[in-house]
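Notes for the one structure printed next.
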Amino acid sequence: MNYLNTLNKEQKVAVLSTDGPLLILAGAGSGKTRVLVHRIAYLIDNNGVSPWNILAITFTNKAAEEMRNRVDKIVGQGADSIWVSTFHSLCVRILRRHIDMIGYDTNFTIYDTDDSKTVMKDVMKRLNIDSKMIREKAALAAISSAKDELIDVYEFKENSAGDYRQELIARLYEEYENALRKANALDFDDLIVLTVKLFKECPQVLDNYQERFRYIMVDEYQDTNTAQFELVRLLADKYRNLCVVGDDDQSIYKFRGANIGNILDFEKNYEEAKVVRLEQNYRSTQNILDAANAVIANNTERKEKSLWTDKGAGNRIHFKQLDTAYEEADYIAADIAKAVKKGLVKYGDCAVLYRTNAQSRILEEAFVREGMPYNIVGGVNFYSRREIKDVLAYLKTIDNGVDDVAVKRIINVPKRGIGQTTVAKVSDFAAEQDISFFEALTYGKDIPGIGKAALKLEAFVNMIAVMRSKAEFMDVSALIKDVLATTGYIDELEESDDDDAEDRIDNIDELISKAVSYKEDNPEGTLSDFLAEVALVADIDSVDENADMSLLMTLHGAKGLEFARVYIAGAEDGVFPGMSAVFDEDPTAIEEERRLAYVGITRAKDDLTITCAKARMIRGETQYNSVSRFVKEIPGELMDDKPAPTRALKIDGQELSRYSDGSSERDAFLSKPYGGYSDVTYSKPRAVVMPKVTPAATKPYIAKSASPRAASGSATAGTKLSYGVGDRVRHTKYGEGTVKDISLEPRDYKVTVEFDGAGQKIMYATFAKLEKI
DNA sequence: TTTTACTTCGTTTTT
DNA sequence: CGAAGTAAAA
C-alpha cells in the first residue's frame, strides 16, 4: 500500500477505519477528498470489497466529477462500477427504475425553481388567493422546507390548524402537489423525498439497494438536510458502513434546510461511531489560518478544532476600505492586474468572492474596463436562460406530454397567434375534464368559445405529434435541430430587435453541442435522461479550470474551491453579514454568516485581500456601512494595509449627500477612525438622498469637478465631454446618432444616444468613446 | 393579440 | 436601480 505513505497520521486512521460508522471532521483544506479516494482504493485493494458495493455521494456534479477522476486514477480496474454521484442524480437513477411502485410514471420530468414558481402562480390563481396575501416565493419556500423535513401535506395540515397563514400554505401545498402529480413532474425536493418514500413503502427495493451499497461515503455531510439524512440512514441501515465527511464550521446552507445537527449529533445517532479529526491544512499559509481560526472561534455551537500548517506565516492579510463600491471594484481589478503584471500569479489563480450576486455587476464592469479575462459563476444558470428553457420545453413536451408548464411555455413561442385568452379557455376546459393541458388541445373546436383559434391549436398538436414520431429514432441533438427548423425559432430571433439575439443563438448552439457530447458519454441515454441531467446542472459544474480567467462568485459558490489569491469584497455590516442576519434576533443567523466568512478566508492559499466601501448603492439607495464585524475579529497583527484616515465625501466644500432627515450624523460616523471601524455599535443605515446633478448648460457641456473620487482628495479634475445634448456623435460599433440625454453618475457621465441604425442606447462616456461629428 | 408605457416591488445564499 | 408585472393602446 505505497499510497498510504503519502498520508498523515490522522488521514491514515481514517483510511484504515473501513467498517462501521465513521465521522471524519475535516477542516478546510485538510485533504478530505484525498482521504475519501484513498479509502475507496484501500477498501478494494485491501479488504477485497467489490467496487460495485461502494457508493460515494456529493452535493455538486463538479465534486462528483473530481472524485470520479481521482478514483479512476488510483483504483484502475473496476473503478467505473463505483457509484460516485450527487444526492439528486442518485435519486433520479433510483426513481427512474422504481417510481412506478409509488404511483408515478418513470418518465417524470424535473421542475426547476422557475417551473415551480409557474405552477404556484397557477395554483394561487385557481384558489383565488391574491399574491398580496402571500408571495409565491414565500409559499414555495415554506413548502420546500416542509419537504426537507419530510413533512407531507397531511402532516402539514395537522400542524397548521388554527394558524391562518399556515392553513393557507397547507392548501397551497396540497394543490401544488396535485398539480405536480398531474404533470408527472417532480421538483428538486421531491427527488429526495420520494426516494425516501419509495424505500419506506417498498422494503424489497430498499433491501436491494442496501445489499448493493455496502460501503457508503457522504461528502459535505454538514450540508445534509433531514430528508437526505434519512435517505442515507436507510441505505446504511443494514451494514452500517457509513463514512461521513464534513466540517461543522463550513455549514452554510441552513436556508436550504441543511441541519447542522446531523453532523454534530452523528455520534449520538451512531453510538459505535469512530471520530477522526483532520486539522492539518495543506492549502493556506499560517497567517490566513490564524485569521480563519480567530474569526470562527466566536461561534458557540461547534466542535472545537484548530487548523495548522507547516507552511510559513506568509503574507499578511490585506485590508482596504474604499470610498465607494465603484472604487472598490476598480481597486480589486487593478490589484489583480498589477499582480499578474509582476508575474506573481496568473488571472486564473485569482478569485473575487462576495455575499450576494447583485454585487457581481459592478465588479464585472471593472474587469471589462481593465480588459481582464474573467468568468462569473452563478447568477443565471445556463439552463435557466430563456432560449434554452424554450428549447427544453419543446423537448419536455415531446417527452412528457402531460408536463403542462412546458406545453404552456412554448405553445405561442415563436408567435403563432395563440394568446392568453385562448390558453385560459383551454386551461379551464382541461380542469373541467380533468385532463392535461396538451390533451385538451387535441379537442380543438370542441372547447367552448375557442372560435377559429381551433385551427391554430390543431396545427400545434400536429407539429408536436410529428416531432414525437421523429423522437423515436433521432438523437437529442438532431431533435433539437428539427425543433428549431420546424418552428422557425432561430429565424424569429434573428429578425427580432432583441439586443441579445446573437448571444441567444450562440447559447442554443452550445446546447446542441452539449446534447452531442451527452450522446457520446451516454450512448444509451434517453431523452428523459438527458433532460434530467440538464435539470441538475449547477453553474459551478461548468467552470473550466484550465482557462486563465479570474473567477467572480458568491462565497457560497466558492465552497470546496481554492485559489492562490482571494479577494473578499463588500466586507461591511449590512452586506456581509447581510442585513437580515444583522437584524435577526436569533444569534445563530450571525453564526451562519460567520461560517461563510470562514469558508471565504480559507479559500486562499497565499494571499488574501478583504475590501469594503464606505458608500454603496443598494436598490437605488446609497448606504453607508461600517466595516464588517468579521474583519474586526481578525487580530490586527495579521493584517497590513490599515485603512487610511477617513475623509468626508465633500465636493467644493459641499457635502455630496446627506441624510434625508437632514441630520449630520453621517459626518460623525465618517470621522470615526475607519468609518466606524473601532466602534462595535451598529445602526440601521438610513436612506439618503443624492442631490440631482443637472447639467446647467447643454452645449457645450463642461462638467464641474463632481465625482466622489476627485472630491476626496485625489488630484483628478473633472472630465470634459466634447458633446452635449442634441449633438451628433459617432460610436465605433453603433454608428452615428443623436445625443438625447446626459446625466451624472457617481463616477461617470451616462449618455443616452438615439442611434440611426441601432436605436436608443444608454452608455457610460468613458468607455463608449463617443466622437462628436 | 400584441406591443408599449407605466407602476410596483424587492435581495441573501442553490441542488 | 432593475426586473417583472399590469394597464392601456395599436
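Convention: sequence-line order gives letters A, B, ...; per-chain numbering from 1. None of these values were measured; they are calculated from a predicted model.
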| message | With a 4.0 Å limit, can you tell me whether Asn412(A) has a side-chain N or O closer than that to the phosphate oxygens OP1/OP2 of dT2(B)? | response | yes

For Gly620(A), answer base if it contacts any base atom (sugar-phosphate contacts may also be present), sugar-phosphate if it contacts only those atoms, and nothing otherwise; contact means non-hydrogen atoms under 4.0 Å.
base

Atom CG of Asp115(A) and atom C1' of dT15(B) are separated, to the nearest Å, by 14 Å

Given the C1' atoms of dT11(B) and dT6(C), what is the spacing between them in whole Å?
22 Å

Regarding Phe87(A), tell me which of base, sugar-phosphate or nothing describes its non-hydrogen contacts under 4.0 Å with the strands shown. nothing

request  = Let me see the working for Phe630(A) and Asn298(A) under side-chain contact (heavy atoms from CB on, under 4.5 Å), right down to the final yes or no.
outcome  = CA-CA 10 Å; Phe630(A) 303 143; Asn298(A) 293 285; over 6 Å; no

### Query
What does Thr422(A) touch in the nucleic acid at a heavy-atom separation under 4.0 angstrom: a base, only the sugar-phosphate, or nothing?
sugar-phosphate

- Task: May I ask whether Phe59(A) stacks on the base of dT15(B), given the cut-offs of 5.5 Å between ring centres and 30° between planes?
- Result: no

Within the pair Asn381(A) and dT15(B), is there a side-chain N or O less than 4.0 Å away from OP1 or OP2?
no

| task | Please determine, by modelled atom types, if Asn262(A) and Thr224(A) share a side-chain donor-acceptor pair under 3.5 angstrom. | result | yes

Return no unless some side-chain N or O of Lys62(A) is found under 4.0 Å from OP1 or OP2 of dT15(B).
no

Taking any heavy-atom pair under 4.0 Å as a contact, classify Lys117(A): base, sugar-phosphate, or nothing. nothing

Would you please confirm or rule out a distance under 4.0 Å between OP1 or OP2 of dT11(B) and any side-chain N or O of Lys137(A)? yes

Quick one: are Arg233(A) and Glu230(A) in side-chain contact, heavy atoms under 4.5 Å? yes

Is any side-chain nitrogen or oxygen of Arg135(A) closer than 4.0 Å to OP1 or OP2 of dG10(B)? yes

Q) So Phe255(A) and His556(A), would you call those rings parallel, tilted or perpendicular, with 30° and 60° as cut-offs? A) perpendicular

Exercise for the section: Respond yes when some side-chain nitrogen or oxygen of Thr60(A) is under 4.0 Å from OP1 or OP2 of dT14(B), and no when none is. Expected result: no

Examine dT3(B): is either OP1 or OP2 under 4.0 Å from a nitrogen or oxygen in the side chain of Lys415(A)? Give yes or no.
yes

